[in-house]
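Structure, as structure tokens:
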Amino acid sequence: MKSHWPRKGRYELFTYLGKTHCFDDPDFRAIPTPKDLCDWINQQNKASWSGLDDGSDVAYYLDPELYMIFKIKWS
């Protein structure tokens, strides 16, 4: 049985070829990347997330609470 706890305490969202994936949640199925996903994440409390690099919109690392909000909002 796979764990639903994220690696290093954060869930990784990874965007590739127009789809967003979460490698830390075995129940999450890739979704078409919403056009305003990056803006939404950037508007959240910076203590709740980090990016792969400054200005990158490829990968984000979300705290469990913010990830649950993401999941409710976008899936």
Side-chain angles (χ1 to χ4, degrees):
M1 181 171 163
K2 290 186 177 184
S3 170
H4 287 267
W5 291 106
R7 296 170 289 157
K8 299 181 182 178
R10 292 195 169 199
Y11 287 90
E12 178 184 348
L13 295 182
F14 184 78
T15 300
Y16 180 71
L17 294 176
K19 293 210 173 215
T20 298
H21 309 265
C22 181
F23 298 120
D24 300 303
D25 181 350
D27 292 333
F28 186 82
R29 300 291 174 246
I31 61 170
T33 301
K35 64 180 178 177
D36 53 346
L37 175 64
C38 296
D39 290 337
W40 179 81
I41 290 174
N42 282 295
Q43 293 170 359
Q44 305 308 308
N45 182 340
K46 185 63 176 151
S48 297
W49 66 275
S50 61
L52 180 63
D53 296 311
D54 287 341
S56 173
D57 60 358
V58 174
Y60 293 100
Y61 303 91
L62 309 181
D63 282 356
E65 294 83 10
L66 184 57
Y67 176 70
M68 296 316 292
I69 294 169
F70 157 80
K71 219 171 154 178
I72 290 167
K73 181 172 180 64
W74 302 107
S75 8

TODO: Grab the two heavy atoms, one from Pro64 and one from Gly9, that are nearest each other, plus how far apart they are.
DONE: CD-O, 3.4 Å
Open item on the list: Does any part of the side chain of Val58, heavy atoms only, come nearer than 4.5 Å to the side chain of Thr15, both counted from C-beta?
Closed with: no
- [ ] Measure across Asp63 and Ala47 and return the closest heavy-atom pair with its distance rounded to 0.1 Å.
- [x] OD2-O, 3.5 Å
Open item on the list: How close do Gly51 and Lys46 get, counting heavy atoms only, and between which atoms?
Closed with: N-NZ, 4.2 Å
- [ ] Could you pull out all residues at least two apart from Tyr16 that satisfy side chain to side chain contact (heavy atoms under 4.5 Å, CB included)?
- [x] Phe14
- [ ] For residues Leu66 and Asn45, determine if any side-chain heavy atom of one lies less than 4.5 Å from a side-chain heavy atom of the other.
- [x] no
Open item on the list: Let's go through Arg10 and Leu62 carefully: what are the C-alpha distance in whole Å and the side-chain angles of both, what is the deciding distance for side-chain contact (heavy atoms from CB on, under 4.5 Å) to 0.1 Å, and is it a yes or a no?
Closed with: CA-CA 5 Å; Arg10 292 195 169 199; Leu62 309 181; 5.9 Å; no
Open item on the list: Any non-hydrogen side-chain atom of Tyr60 less than 4.5 Å from a side-chain atom of Ser50?
Closed with: no
Task: Pairs flagged by salt bridge (Lys or Arg N to Asp or Glu O under 4.0 Å) wherever residues 65-75 is involved - sequence neighbours left out - done: Asp25-Lys71
- [ ] Decide yes or no on side-chain contact (heavy atoms from CB on, under 4.5 Å) for Trp49 and Asn42, but give the supporting numbers first.
- [x] CA-CA 9 Å; Trp49 66 275; Asn42 282 295; 3.1 Å; yes
Open item on the list: In the structure I gave you, are the side-chain heavy atoms of Tyr67 and Asp24 within less than 4.5 Å of one another anywhere?
Closed with: no
TODO: Name all residues meeting the side chain to side chain contact (heavy atoms under 4.5 Å, CB included) criterion together with Ile31; count only those two or more places apart in sequence or in a different chain, and write none if there are none.
DONE: Thr20, Phe28, Pro34, Phe70, Trp74
Task: Gap separating the NE2 atom of His21 from the CZ atom of Arg29, nearest 0.5 angstrom - done: 12.0 Å
Task: Sequence-distant partners of Lys19, salt bridge (charged side-chain N to carboxylate O under 4.0 Å, His left out), two or more places apart - done: none
- [ ] Look up atom CG in Leu13 and atom SG in Cys38, then write down how far apart they are to the nearest 0.5 Å.
- [x] 10.0 Å
